[in-house]
Amino acid sequence: MEMDKLVSLCKRRGFLFQSSEIYGGLNGFWDYGPLGVELKRNVKEAWWRDMVSGHDDLGVPAGAPEAYEMVGLDCSIIMHPQVWKCSGHYDLFHDFMVDCRESKKRYRHDQVKGRWVSHDGKRLFVATAVEDEQQRSDVQQRALKYFNLRGKDAGDLTWETDLVSLITVTDLAQVLGPDAKQLGTLTPPREFNLMFKTIVGALGGEDDAAFLRPETAQGIFVNFKNVLDSTRVRIPFGIAQTGKSFRNEITPRNFTFRSREFEQMEIEFFCHPDSSFQWYQYWRDRRLKWYVDLGLAGDRLRLREHSADELSHYSCGTSDIEYAFPFLNSGEYGELEGVAHRADFDLRSHMEGKLDPSTRPLKLETGPDGKPRWRGSGKDLSYRDELTNARFIPHVIEPSAGADRATLAFLCEAYTEDQAPDENGVMQTRIVMKLHPRIAPIKAAVFPLVKKDGMPEVAQRIYRDLKRNFNVFYDEKGAIGRRYRRQDEAGTPYCITVDSQTLQDQTVTIRDRDTLRQWRVNLHDCVAELRQRLSP
RNA sequence: GCGGGUGUAGCUCAAUGGUAGAGCGACAGCCUUCCAAGCUGUACACGAGGGUUCGAUUCCCUUCACCCGCUCCA
């Protein structure tokens, strides 16, 4: 499937529009149209129902170590700035970058290392961005090459310093960039604010800076104690939240896949450290199955377990649920959801202060003065087992899904072109969105076969009956075939048609979107018929 | 952020330094007894800003957006 066909259909039928389109659009922002908003709401509602409100707190789900509870939360988008300092986002999202005008490459300012060297009265800083062990040899080779010397002449070079960070260099004109052949090709370091900054208070200045959340998860961690104190939940349990998050992506791309404003569906699942790996496996498999059950079956969906060197030091497992989006190259997958074992990193960070994720066991990150880089809340976020009186900091499993990415994947998977006969029996190309009935924006359309003989009146009564239960659509205009095809493009799974036989025996036809099969049911049974077919 | 490409009606596309045309779609009406192209009619567009010019949708510059590649991000 070519992506532009789907993009065109989304625009044409009102699934997705570019944000602020009449003003030329805004990079990285998208709007959901009348069909799109129904689809995305259905995706979020299916997630909430399947994970939270419909969860059976008493039973042990297949694959789970034991029964568990689920509760929800909806926290503010703007939180105390200290939240992001302790979570690590503040440091991580404020990188300084330098670009190379010659090689067109971009580097993190603090990660570029190099040495001052001089030869024949010329002095320069040879920079490198290769891995630690190879930095010295890379610097030497490139210095020799620059001065047009052979390897055996390495002794002619005068090294003024050992490897130092590019941060220490003020005059970029004397720098040989990591992939450059000429001097002075690096731009001055520029700050990348990956968190959206805003001001709290009408008279606020820089001291009142706050951030739009880059993830919903931190709101759950900072409310962990509130939930414990107000709900009687006991470990193991999960807190779920859906909501908007914001990241100032450098390169928004690929339709809605990488947006600057996006919606997440996240669970933080709190459990005992001893059973955390079993819970990680449960959530990984459970979340994959959710996508399969809603229609993402097949090769385009996969679970990818992160390799050991990809994992954070504190994590003993992370998996991505990925989908082979049509805009990616063959063999490439895009992340729909990450299921991460986060151990006690987050709760401890909000207690003690920002932890250094590269330490094991985790230690507080300290500044140049030896004091904590960012102070935590100082509140006790440990958990006391009321049966054993044991006190511990829970470990966390985090299934973090993108609502817009899931919605986009469902759209991509649903887009189908097949052949269907026209009124003369000639096969015509048909565009049909084969969305799972649970997430389809319109559940059924009701038509009178023709606009006369009392058929519209009967069809309207059926429409009103159904409308109390489902989002259904009534249409009496034009040829019946055209009305069917319109609903195919909207992804409506069923069409109910009143014909002349209805007037005799009170039955109507129901047409299946995917098979084009039709069968008759009594018009009073339409609600029951649909309910049975739309239930999870 | 860099390089390349693209921007004309809701969608897909055309033409032109002298005031834009088609197909599909939409709407109104007619006709239609089950899978889009039967008839009549209607509405709707040169992404934005500036420049050159008597005159710019067309040429130039800037900008915005989208696509491809790199980079980046996770």
Side-chain angles (χ1 to χ4, degrees), chain A residues 2-5 7-14 17-30 33 89 92-93 95 97-108 129 179 185 187 190 192 194 214-215 247-255 257-258 260 262 306 310 312 318 320 322 327-329 334-338 340 400 402 405 418-432 447-453 455 476-489 495-503 508-513 515-518 520:
Chain A
E2 301 99 73
M3 198 61 197
D4 51 352
K5 287 189 175 176
V7 173
S8 164
L9 180 138
C10 284
K11 170 88 191 289
R12 182 156 40 91
R13 297 311 307 262
F17 306 126
Q18 211 177 348
S19 167
S20 319
E21 194 190 275
I22 62 168
Y23 287 106
L26 189 61
N27 194 351
F29 298 90
W30 298 90
H89 289 87
L92 192 70
F93 279 23
D95 296 336
M97 313 288 289
V98 294
D99 290 307
C100 178
R101 298 188 190 92
E102 181 189 320
S103 67
K104 308 298 181 197
K105 288 185 185 291
R106 171 176 292 163
Y107 315 94
R108 260 181 64 177
D179 297 281
T185 59
T187 62
R190 284 177 289 195
F192 280 70
L194 264 38
E215 63 173 34
R247 292 184 194 175
N248 226 338
E249 298 287 354
I250 297 170
T251 315
R253 263 306 153 83
N254 294 330
F255 207 20
F257 182 78
R258 180 165 295 160
R260 287 178 164 145
F262 58 101
H306 284 211
E310 268 183 287
S312 317
T318 296
D320 286 345
E322 300 180 324
F327 47 75
L328 298 173
N329 294 323
E335 182 179 338
L336 290 179
E337 171 161 354
S400 170
R405 288 184 176 187
D418 64 12
Q419 299 288 311
D422 67 10
E423 59 183 349
N424 302 317
V426 180
M427 296 308 270
Q428 302 285 348
T429 298
R430 177 179 79 130
I431 295 175
V432 50
F447 307 140
L449 184 59
V450 288
K451 201 167 60 175
K452 60 182 184 187
D453 300 344
M455 291 182 201
E476 60 181 24
K477 300 187 192 99
I480 188 74
R482 179 189 300 267
R483 284 179 268 160
Y484 284 143
R485 296 298 170 85
R486 266 199 285 252
Q487 293 306 315
D488 290 339
E489 279 197 350
C495 291
I496 295 168
T497 303
V498 171
D499 58 16
S500 53
Q501 190 180 332
T502 310
L503 309 175
V508 293
T509 64
I510 300 186
R511 173 233 194 214
D512 181 275
R513 175 195 67 198
T515 63
L516 304 181
R517 195 172 71 83
Q518 283 184 302
R520 299 197 78 92

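Order of the sequence lines sets the chain letters (A, B, ...), proteins ahead of strands, with each chain counted from 1. These values consider heavy atoms only, across backbone and side chains, with no hydrogens, waters or symmetry-generated copies.
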Exercise. Pick out which of D512(A), I510(A), T509(A) makes a side chain to side chain contact (heavy atoms under 4.5 Å, CB included) with Q518(A).
Key: T509(A)

Quiz item: RNA chain B in dot-bracket, Watson-Crick or G-U pairs under 3.5 Å, [ ] crossing, | other strand?
Solution: (((((((..((((....[..)))).(((((.......)))))....(((((..]....))))))))))))....

Quiz item: Quick one: CZ on R430(A) to OH on Y484(A), what's the gap to the nearest 0.5 Å?
Solution: 12.0 Å

Quiz item: Taking atom C1' of G25(B) as reference, at what distance in whole Å does atom CZ of R486(A) sit?
Solution: 9 Å

Quiz item: So which nucleotide from U32(B), C34(B), C67(B) ends up closest to the side chain of K451(A)?
Solution: U32(B)

Quiz item: Between C66(B) atom P and K11(A) atom NZ, what is the distance in whole Å?
Solution: 13 Å

Exercise. Mind checking the CZ-OG1 spacing from R511(A) to T497(A)? Nearest 0.5 Å is all I need.
Key: 8.5 Å

Exercise. Mind checking R258(A) for me? I need base, sugar-phosphate or nothing, with any heavy atom below 4.0 Å counting as a touch.
Key: base

Self-check item: Sugar-phosphate only, base, or nothing, as touched by N254(A) at under 4.0 Å among non-hydrogen atoms
Solution: sugar-phosphate

When you compare the protein's N or O atoms with those of nucleotides 41-47 of chain B, which come within less than 3.5 Å of each other, and at what distance?
none

Self-check item: Separation of atom CD in E215(A) from atom P in A74(B), rounded to whole Å
Solution: 12 Å

Exercise. Identify whether any heavy atom of N329(A) sits under 4.0 Å from a base atom; if not, whether one sits that close to sugar-phosphate; answer base, sugar-phosphate or nothing.
Key: sugar-phosphate

